[in-house]
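To start, the structure under review is shown below, and the notes come after it.
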Amino acid sequence: MPLLLSLLLAAAPLATLPEPQAAPVEETAPVDWDREFGVVRKERDPVTGEIPLDPYPQSDANAGAAPFKGETMARAFGGQAGIRKITDRALDFSLLDPRIEAIFAEHDMVRLRRTLFEQVCFILSAGCHYSGREMKVAHKSLGTTRADLNALVEHLQQAMREAGVPFPAQNRLLAKLAPMDRTITER
Amino acid sequence: MVCSLAVLASTSPCAARQAITFDSGKLILTNGVTTIEGSGGGGLATWATISGMGTGRAVGVSAHVTGLELPDFRLDTHGLAIGIHDRVELAYARQNFNTRQAGAALGLGRGFQFNQDIFSAKVRLAGDLVYGPALLPQISVGAEHKRGLDGGLVRAVGARQSVGTDFTLSATKLFLGASILASATVRFTKANQFGLLGFGGDKNARRSMQFEGSLGLMLSPRLLVGGEWRTRPDNLAFACESDAKDLFAAWAISRRVTLTAAYVDVGSVATFAHQRGGLLSLQLAH
């Protein structure tokens with residue numbers, strides 16, 4: 001690491017040569033990486049608290065799995081209230097997990113909490129429509145790996161266990177999600 | 001890119017991390033346990049799984065010790081395995097087969113031990129144990145090269161060689177919707193009693209196709225119970241060899257420690273019938 005740092009520092013004066021008077025300011029003030037990389041941050045919607053996305057085709061098919069028939073699964077998960085508690089808890093665990101927290105830290109968690117709930121609620125036939133994007137689009141450029149996915153699965157398992165969802169029902173939900181691995185992991 | 005720049009200047013910890021990465025990222029218990037032959041699997045039956053906890057971007061390692069206590073014999077196995085990118089498994093195992101009192105009755109001497117080194121390799125060809133299409137299992141091919149250390153003796157009882165190689169083709173899937181793990185393997189082998197009594201025999205000298213299967217029920221993310229069946233060749237005239245089967249429970253005490261207990265029936269061994277007993281296996285994996 002020290003070597004890497006010195007390499008970067010050695011490169012810095014070169015980059016700022018055209019504007020020598022600006023250099024001392026940059027050394028003291030923290031770098032605005034958003035400006036450096038031209039990142040434009042959209043304002044959150046004052047009503048929903050979500051960062052607006054460009055329009056996309058909405059469909060339950062975006063959930064990536066066919067819903068269960070009947071009410072057995074929805075009941076096993078405690079209906080919509082139970083599902084919301086489970087998906088929120090799984091995301092809370094993920095935000096606290098050093099292996100994967102960085103993926104979520106830069107994410108619109110307000111929107112993710114809503115869309116993940118909708119997705120699971122739709123698949124369990126608990127009376128929701130999924131309004132989120134396709135799995136492939138939603139995970140584009142996240143650079144997620146199989147190990148990241150496994151970490152999230154473990155958190156979902158723990159959340160379901162805490163909520164008292166019977167183990168066979170837990171696995172039936174995971175069986176719906178497992179075939180999506182190729183669309184949500186990239187590396 | 002940053003790493004390669006640093007490498008140009010000098011050796012860096014960054015480069016070392018890229019060469020061999022341990023992520024210990026598999027789901028708990030999905031690395032399987034270790035067979036008595038050292039390859040990843042159940043207790044008796046080989047699975048298509050790759051040992052170690054590493055995922056496709058990492059390396060995993062595992063070590064095991066197993067004891068099988070039978071009425072007239074005892075088998076001890078220990079070994080190491082490496083899983084590379086969840087694609088290739090390389091393993092070594094040592095088997096020590098103690099004949100105890102039976103050794104005296106067979107004229108070998110009380111407590112005589114047959115020993116065998118097993119070097120094995122397995123490659124995952126397609127599919128995934130957990131993910132991907134629900135009906136596509138993880139499929140692997142493997143080879144187990146067994147080197148018996150008691151050549152003169154096994155030839156004296158009718159075996160053709162003391163060294164032999166088994167070839168395996170395995171398909172294994174965790175059917176999540178039913179919480180069931182199923183595995184099937186075909187093995188091309190001429191091993192007598194897993195190779196401990198040599199390879200080929202006076203009755204049949206050539207390889208034959210044998211089957212091994214496992215069926216397990218997941219009771220929790222950490223507990224799998226089930227049974228296994230393994231057919232075996234019957235090459236030696238002096239003693240018949242029968243199928244081996246077991247009932248097992250594999251329990252992941254933690255992410256890296258798995259304990260397996262099994263009730264094993266290997267049938268008749270070297271004229272001693274009804275060899276049923278207990279197996280206990282400890283696996284450490286990273």
Side-chain angles (χ1 to χ4, degrees), chain A residues 1-11 64-66 68-69 72-73 76 97-100 123-124 135 143-162 164-187, chain B residues 1-17 21-31 50 53-60 85-87 127-136 138 173-181 217-224 252 255:
Chain A
M1 271 324 271
L3 176 73
L4 224 153
L5 204 64
S6 60
L7 272 173
L8 284 173
L9 287 177
F68 285 99
K69 291 191 178 73
T72 326
M73 286 297 284
D97 182 345
R99 295 176 295 176
I100 55 172
I123 292 173
L124 294 175
M135 288 299 98
T144 42
T145 64
R146 170 65 61 81
D148 299 331
L149 175 57
N150 284 346
L152 179 62
V153 169
E154 286 172 6
H155 299 322
L156 182 56
Q157 284 181 313
Q158 191 176 341
M160 291 189 290
R161 193 159 56 241
E162 280 184 4
V165 178
F167 185 65
Q170 293 181 25
N171 281 345
R172 289 184 69 198
L173 173 63
L174 293 179
K176 289 276 190 186
L177 305 177
M180 298 180 194
D181 72 311
R182 277 177 214 177
T183 53
I184 64 179
T185 59
E186 295 186 316
R187 295 187 294 155
Chain B
M1 188 57 196
V2 176
C3 277
S4 54
L5 273 176
V7 170
L8 286 177
S10 78
T11 54
S12 92
C14 190
R17 272 207 302 276
T21 309
F22 293 93
D23 69 357
S24 214
K26 275 193 187 132
L27 286 169
I28 210 161
L29 215 50
T30 61
N31 55 325
I50 301 295
M53 290 299 278
T55 65
R57 295 163 53 78
V59 172
H85 290 198
D86 199 24
R87 175 67 65 187
D128 188 277
L129 177 69
V130 182
Y131 294 107
L135 293 177
L136 175 67
Q138 180 160 331
K173 189 73 181 178
L174 179 58
F175 295 99
L176 270 172
S179 300
I180 280 176
L181 181 129
L217 180 66
M218 285 201 84
L219 295 179
S220 87
R222 289 162 176 257
L223 183 62
L224 177 74
R255 227 183 138 64

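A, B, ... follow the sequence lines: proteins, then strands. Residue 1 opens every chain.
Under the side chain to side chain contact (heavy atoms under 4.5 Å, CB included) criterion, B:Phe175 pairs with B:Leu135, B:Lys173, B:Ala182, not counting sequence neighbours. A search for side chain to side chain contact (heavy atoms under 4.5 Å, CB included) contacts involving A:Arg146 returns A:Asn150, A:Asp181, B:Thr55, B:Asp128, B:Tyr131, not counting sequence neighbours.
Between B:Ser179 and A:Pro168, the shortest heavy-atom distance links the atoms OG-CA, 4.0 Å. Across A:Arg182 and B:Pro133, no two heavy atoms sit closer than the pair NH2-CD, 3.7 Å.
Contact annotation for B:Leu219: only backbone heavy atoms (N, CA, C, O) come within less than 4.5 Å of a heavy atom of chain A.
Between chain B and the options A:Leu149, A:Leu177, A:Asp148, heavy-atom pairs under 4.5 Å are most frequent for A:Leu149.
With B:Pro221 as reference, A:Gln157 is the one residue of A:Gln157, A:Gln158, A:Glu154 to meet the side-chain contact (heavy atoms from CB on, under 4.5 Å) rule.
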